[in-house]
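Heads up, the thing below is written out as structure tokens.
The first residue in the sequence is number 1, and the count goes up from there. Read the numbers this way: they start at 1 and go in the same order the structure lists the ligands and their atoms. All values reported here derive from a predicted model rather than from experimental measurement.
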Amino acid sequence: MEQRRKIVAGNWKMHKTIPEAMEWARSFRMEPMTSGSVQVVLFPPFTALNSLVVELGSAQLELGAQDIYPGSFGAVTGEVSGAMLRDAGARWVLIGHSERRQYFNESHGLLEAKLRGALEWGLHPVYCVGESLYEREQGVHFEVVATQMKEVMGSLDEKQAERVVIAYEPVWAIGTGKTASALEAEEMHAFIRGEMAAMWGGVSGQIPILYGGSVKPSNAAQLFRCPNIDGALVGGASLDPDEFRAIVLSV
Ligand code: PGA
């Protein structure tokens with residue numbers, strides 16, 4: 001089996017002021033993680049991004065943004081471009097998180113543009129996919145995820161695809177305390193890998209697929225044992241440096 005990168009990423013969503021972020025960073029630095037084989041990424045709010053880059057450097061973890069605007073600059077009030085994210089020290093960016101799809105109606109066309117914009121600026125996109133509870137109950141979850149993959153990533157070539165990380169986040173498991181069982185998650189991850197193989201052939205074996213949705217220190221190890229689960233995108237539990245560290249160390 002191919003050796004894929006292991007990644008544990010924290011998504012703070014709309015949490016933490018700059019002083020709170022600094023406190024997290026100091027606590028995180030005091031007890032360095034010994035697991036050098038895992039890439040750790042943190043997605044704070046835009047406002048705390050640069051202070052964290054300065055406080056943490058890049059030795060322990062890399063920083064990313066929770067969103068991106070596809071263009072470089074211009075009259076687009078309220079948006080932040082890839083150029084600005086690079087400037088602030090971001091190396092990664094989340095694209096297609098279900099909260100953005102749901103609350104801001106982000107379309108597949110827009111997500112594709114964001115993905116391309118991120119790649120142009122040399123950022124690593126983490127592209128999120130996942131079905132709602134209704135879609136799972138209707139038995140269309142594979143179809144939903146296949147569409148999210150094809151419509152947004154279908155036009156990428158192998159070289160571009162290689163730079164993307166996928167996060168499977170079933171919407172019903174996000175922030176609900178309900179995790180997909182390791183079996184359910186692995187089944188979907190294997191399906192996603194199959195879809196990627198159909199699009200890009202051998203390269204698909206190198207692309208990490210993270211699981212997201214109520215990952216905690218108590219369930220992380222079991223998920224990480226699955227052959228197609230290459231790490232996690234952690235929301236709530238990443239707000240506490242000790243919990244986040246425990247998840248990283250479970251890989
Ligand atoms: P959660 O969020 O870990 O709080 O469920 C995960 C996510 O939305 O990325």
Side-chain angles (χ1 to χ4, degrees), residues 6-16 20-21 24 28 38-46 48-49 52 61-68 90 92-106 111 114-115 118 123-133 135-136 141 144-145 148-149 152 164-182 184-186 188-189 192 208-224 226 229-251:
K6 301 283 183 199
I7 301 170
V8 175
N11 172 14
W12 282 0
K13 309 190 179 185
M14 199 170 67
H15 290 287
K16 293 197 191 292
E20 287 166 351
W24 188 101
F28 190 81
V38 184
Q39 171 71 65
V40 183
V41 185
L42 194 62
F43 294 95
F46 290 132
L49 189 51
L52 281 165
L61 49 72
E62 292 189 355
L63 275 297
Q66 296 174 19
D67 194 17
I68 180 173
W92 295 74
V93 62
L94 287 180
I95 293 174
H97 191 281
S98 61
E99 286 152 16
R100 296 216 56 91
R101 292 179 192 262
Q102 202 179 330
Y103 307 147
F104 302 97
N105 295 319
E106 294 198 350
L111 297 180
K114 288 185 176 194
L115 198 57
L123 294 161
H124 298 288
V126 175
Y127 175 55
C128 307
V129 297
E131 80 286 357
S132 67
L133 181 60
E135 289 161 341
R136 182 161 279 263
H141 44 295
V144 166
V145 170
Q148 291 170 338
M149 293 291 299
V152 175
V164 180
V165 169
I166 306 295
Y168 168 58
E169 299 203 305
V171 179
W172 48 271
I174 295 179
T176 57
K178 266 191 226 162
T179 328
S181 68
E184 285 168 326
E186 170 59 21
M188 183 60 88
H189 282 226
I192 292 171
I209 309 176
L210 315 183
Y211 170 79
S214 299
V215 176
K216 312 180 261 286
S218 58
N219 58 25
Q222 199 187 10
L223 289 161
F224 295 155
C226 300
I229 298 183
D230 306 308
L233 179 56
V234 186
S238 72
L239 295 172
D240 179 321
D242 296 329
E243 283 195 34
F244 189 57
R245 185 182 296 106
I247 293 170
V248 173
L249 294 175
S250 312
V251 173

Checklist entry - Can you check whether H97 reaches Q66 side chain to side chain, under 4.5 Å on heavy atoms? => result no

Checklist entry - Minimum heavy-atom separation for I229 to E186, with atom names? => result N-OE1, 3.8 Å

Checklist entry - Just by distance, do the side chain of W12 and the backbone of S238 share a donor-acceptor pair under 3.5 Å? => result yes

Checklist entry - So with a 6.0 Å cut-off around CD of E20, is the heavy-atom count from everything else above 12? => result yes

Item to check | Parallel, tilted or perpendicular, as decided by the 30° and 60° cut-offs, for the rings of W92 and H124 | outcome: tilted

Checklist entry - Got the residues with a heavy atom under 4.0 Å of ligand 1, by chain and number? => result N11, K13, H97, E169, A173, I174, G175, G213, S214, L233, V234, G235, G236

Item to check | Ring geometry between F244 and W24 (parallel below 30°, tilted from 30 to 60°, perpendicular above 60°) | outcome: tilted

